[in-house]
Amino acid sequence: MMRILRQAVACIAVFTLITGVIYPLIVTGVAQLVFPRQANGSLLIDNGKTVGSSLIGQSFSSPKYFWARPSATSPIGYNAANSSGSNLGPLNPALTENVKARITQLKAADAASKSLVPVDLVTASASGLDPDISPAAAEYQVSRVAKARNLDETKIRELVVKLTKGRQLGILGEPRVNVLELNLALDNLKNK
Amino acid sequence: MTYGIIQIVLFLSVVLLLVKPLGWYMARVYENKPCGLDRILGPVERAIYRLCGVNPANEMGWKRYTVAMIAFNAAGFVVLYALMRLQGFLPLNPQHFPPVAPDLAFNTAVSFITNTNWQAYGGESTMSYLTQMLGLAVQNFVSAASGMAVLVALIRGFVRRNSRTIGNFWVDLTRSLLYILIPLSLIIAILLASQGVVQTFKPYPTATLVEPVVVDGNSFAEQTIAVGPAASQIAIKQLGTNGGGFFNANSAHPLENPTPLSNFLEMLAILLIPGALCYTFGKMAGDTKQGWAILASMVIIFIGLLALCCWSEQKGTPQLVSAGADLQASSTQSGGNMEGKEVRFGIFNSALFATTTTGTSCGAVNSMHDSYTPLGGMVPMWLIQLGEVIFGGVGSGLYGMLAFAILAVFIAGLMVGRTPEYLGKKIESYEMKMASLVILLPIFLALVGTAVAVATKAGQAGAFNPGPHGFSEILYGYSSATNNNGSAFAGINCNTPFYNITLAIAMLGGRYLFKILMLAIAGSLAAKKFIPTSAGTLSTSDPMFVILLISVVIVVGALSFIPALALGPIVEHLMMIGR
């Protein structure tokens, strides 16, 4: 019995060293060497300033920017130090209220838009940090952004199409538009 | 839609293609035959035995094997609990997290040694890098290896004749880690890092927001982005069917699962070993058809339930439609019920991940199951309640399925009035008693736990959503804990002493009683003599047996849980369409 206990303690010590120290250090070494940008959070640097991560969404509420999906993180949306979904059940009245309020907000910002709103634009993501919206959700906002920026809709639409990511390797996942990258590109458009 | 189905077919094809090569390799590892890697890692293996005072030639009986497994897990518990309680004084804590509270540390330590990885905490706001790396990630490895060891011992029980021993726990543990889990994790971790999963020891970086956010008069101009040594932990979290996220949002978090390709790899990593172990089982038992028959049963149930989940989530709810949302799938949006889902995964990859993670005992999530439609959410819940045998956890899934196989041959034996046999071993009253307990015990623990929670104030306080959905959250929680899945209807407020303690008991009971009973079966089978196949032997590798096995799994799962499910998802579905 004592022998088994001794073996158990020795084993946990040895495997903690192998899987808890050596293994993560090898992975860190390789990742930092070969994929340094990805391994450090895919940070976006604009004019020497870190403006976010290409994988993490941000809140936008001005009509001149494309809006991201609703976020359920606390205390504010898109809190990247505290990821979370809303966890609202399908019949929870709070969910329906949130969706309706969001639709009202979107329509108020663009009186011209009357169509149904793409579902991803009115529902909270699982992480609260979703960087993407669907191409449909981007198209829904084109007219508003164009008006707010006094630009031609086709010009905005061109940019959206240019920044739309297709399915990975032609098959995997869903087509999507990265909201932060799109808005940064919009701002750069104005500067030119 | 079409793309969704193509992706599912592609995914299952890749899984099935890898079953044979990996299964063959693992059989070599466990039969102690040259496997290739032993040429490089052989000296390391021998050094480990020397350091730990293990004589690899020493065989163990089932009782000694059990004691070694429990002693090893207990030692792991102590280390992990101490790390969490002391993290405030230890290095690699750049965010200066305080010690974890005692009840939460207890729950978490139990959760990780039992391969459950139920999480009553948010990783990025609670655990230091050191705790994650040296504590949680290590248990991700060794709890998975413990499950694989028990499976191998059970297979030896079928294979050996008139034997008093079923192997050496330390050897099975070491070989599982060294030749299977660590090499595969290295590959997956580096592939994940290439996709954008973080792997760093630096403190959380801060970004200046493009548009500052104003909430209640307070302006926020910065975004702190949680990072850490995540890729190394996420690889084994998936491969070992552990499921404990580095971040709170688990594999929905863009830094834990950034792209559709990383998502594909993470799902593949979940099914890879449990699927291939079926082949390993057949190979070691000397008849690979036996393994394919088990795998076929798993795949058929998997596809059926996956289809239900995809259909229900794509359809969405009438509530979303009447609020004014467009749920129609098109080339520019996935549509459907997108609450609690990520755009890059859409409906099909979310439903596929949910089915994969709950059919196995993984419990990682890439979407929030709590926000699924009633029937869509019932699929993951019921897959857990079936006993985690649809692929199941690494090792634990197959030994659970073998308990169902024993039950199936017994029922078939009753029909024709013959003593049942499985793989040349007579199944007698001792094995039947143990197998019945194995199947009934988790059902009992899950239902009694739920009953206690809904009958007490402390339990009721945990429900987050109103109505039947709140009940579903509690039922899901105890089902998940008992069957060592670890996913949740995550709205449930479970970081309370009541839930931390009762769920820990459910996890311990579900894991260790299950394992002890399986090892008892292994010991009893190993001691039996071999009965050659005769004309009257029921074939356990033909389509008839596959159908029988599927029926037994479904009937037991349905009879046990339909009354409880009727109070949760089923009544919720009726309320949804009745409005």
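In what follows, chains are A, B, ... by sequence order, proteins preceding strands, each numbered from 1.
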Sort [X] into side chain, backbone, both or neither according to what part of it lies under 4.5 angstrom from a heavy atom of chain B.
| X | value |
| --- | --- |
| A:Pro70 | neither |
| A:Ile45 | neither |
| A:Gln32 | side chain |
| A:Asp130 | both |
| A:Leu55 | both |
| A:Val30 | side chain |
| A:Arg167 | side chain |
| A:Leu17 | neither |
| A:Arg37 | neither |

Value rounded to 0.5 Å, distance of [atom1] in [X] from [atom2] in [Y]:
| X | Y | atom1 | atom2 | value |
| --- | --- | --- | --- | --- |
| A:Ile76 | B:Asn218 | CD1 | CG | 10.0 Å |
| B:Glu124 | A:Ser84 | CD | OG | 9.5 Å |
| A:Phe35 | B:Gln199 | CZ | CD | 12.0 Å |
| A:Ser127 | B:Glu342 | OG | CD | 3.5 Å |
| A:Tyr23 | B:Gln233 | OH | CD | 9.0 Å |
| B:Phe264 | A:Leu172 | CZ | CG | 6.0 Å |

Proximal component of [X], with respect to chain A [non-hydrogen, under 4.5 Å]:
| X | value |
| --- | --- |
| B:Leu177 | side chain |
| B:Thr373 | backbone |
| B:Leu51 | both |
| B:Gln223 | side chain |
| B:Asn366 | backbone |
| B:Thr174 | both |
| B:Phe169 | neither |
| B:Glu256 | neither |
| B:Lys341 | backbone |
| B:Val54 | both |

Quick check for you: among [options], which has the greatest number of heavy-atom pairs under 4.5 Å with chain A?
| options | value |
| --- | --- |
| B:Ser185, B:Gly76, B:Pro374 | B:Ser185 |
| B:Ala68, B:Ala490, B:Ser125 | B:Ala490 |
| B:Phe345, B:Phe348, B:Trp170 | B:Trp170 |
| B:Ile190, B:Val197, B:Asn349, B:Leu327 | B:Ile190 |
| B:Leu10, B:Thr200, B:Thr208 | B:Thr208 |
| B:Met338, B:His253, B:Glu211 | B:Glu211 |

Q) Under the side chain to side chain contact (heavy atoms under 4.5 Å, CB included) criterion, do A:Tyr140 and B:Asp326 qualify, and how do the steps go? A) CA-CA 11 Å; A:Tyr140 184 87; B:Asp326 179 10; over 6 Å; no

Q.
Run A:Glu139 and B:Thr332 through side chain to side chain contact (heavy atoms under 4.5 Å, CB included) and show every step you take.
A. CA-CA 9 Å; A:Glu139 171 58 33; B:Thr332 55; over 6 Å; no

(Q) Heavy-atom count check: over 12 atoms from other residues, nucleotides or ligands less than 6.0 Å from A:Glu181 CD? (A) yes

Over all heavy atoms of both residues, which pair between [X] and [Y] is shortest? Give the atoms and the distance, please.
| X | Y | answer |
| --- | --- | --- |
| A:Ala124 | B:Glu339 | N-OE1, 3.0 Å |
| A:Ile12 | B:Phe72 | N-CE1, 3.7 Å |
| B:Cys52 | A:Val14 | SG-CG2, 3.9 Å |
| B:His469 | A:Pro90 | CE1-CD, 3.5 Å |
| A:Ile171 | B:Tyr3 | O-CD2, 4.0 Å |
| B:Val343 | A:Glu174 | O-CB, 3.4 Å |

**Q.** Criterion side chain to side chain contact (heavy atoms under 4.5 Å, CB included) on A:Leu91 and B:Met575, from CA distance to verdict
**A.** CA-CA 8 Å; A:Leu91 301 192; B:Met575 286 166 67; 3.9 Å; yes

Q: For the pair A:Leu43 and B:Ile225, evaluate side chain to side chain contact (heavy atoms under 4.5 Å, CB included) and give the outcome as yes or no after the intermediate values.
A: CA-CA 10 Å; A:Leu43 299 177; B:Ile225 299 171; 4.1 Å; yes

Q.
Just to verify, what does A:Asp132 make a salt bridge (Lys or Arg N to Asp or Glu O under 4.0 Å) with, not counting sequence neighbours?
A. A:Arg176

Q: Report yes if the side chains of A:Met1 and B:Val67 come closer than 4.5 Å at any heavy-atom pair, otherwise no.
A: yes

Q.
Could you check whether any side-chain heavy atom of B:Val227 comes within less than 4.5 Å of a side-chain heavy atom of A:Asn40, counting everything from C-beta outward?
A. no

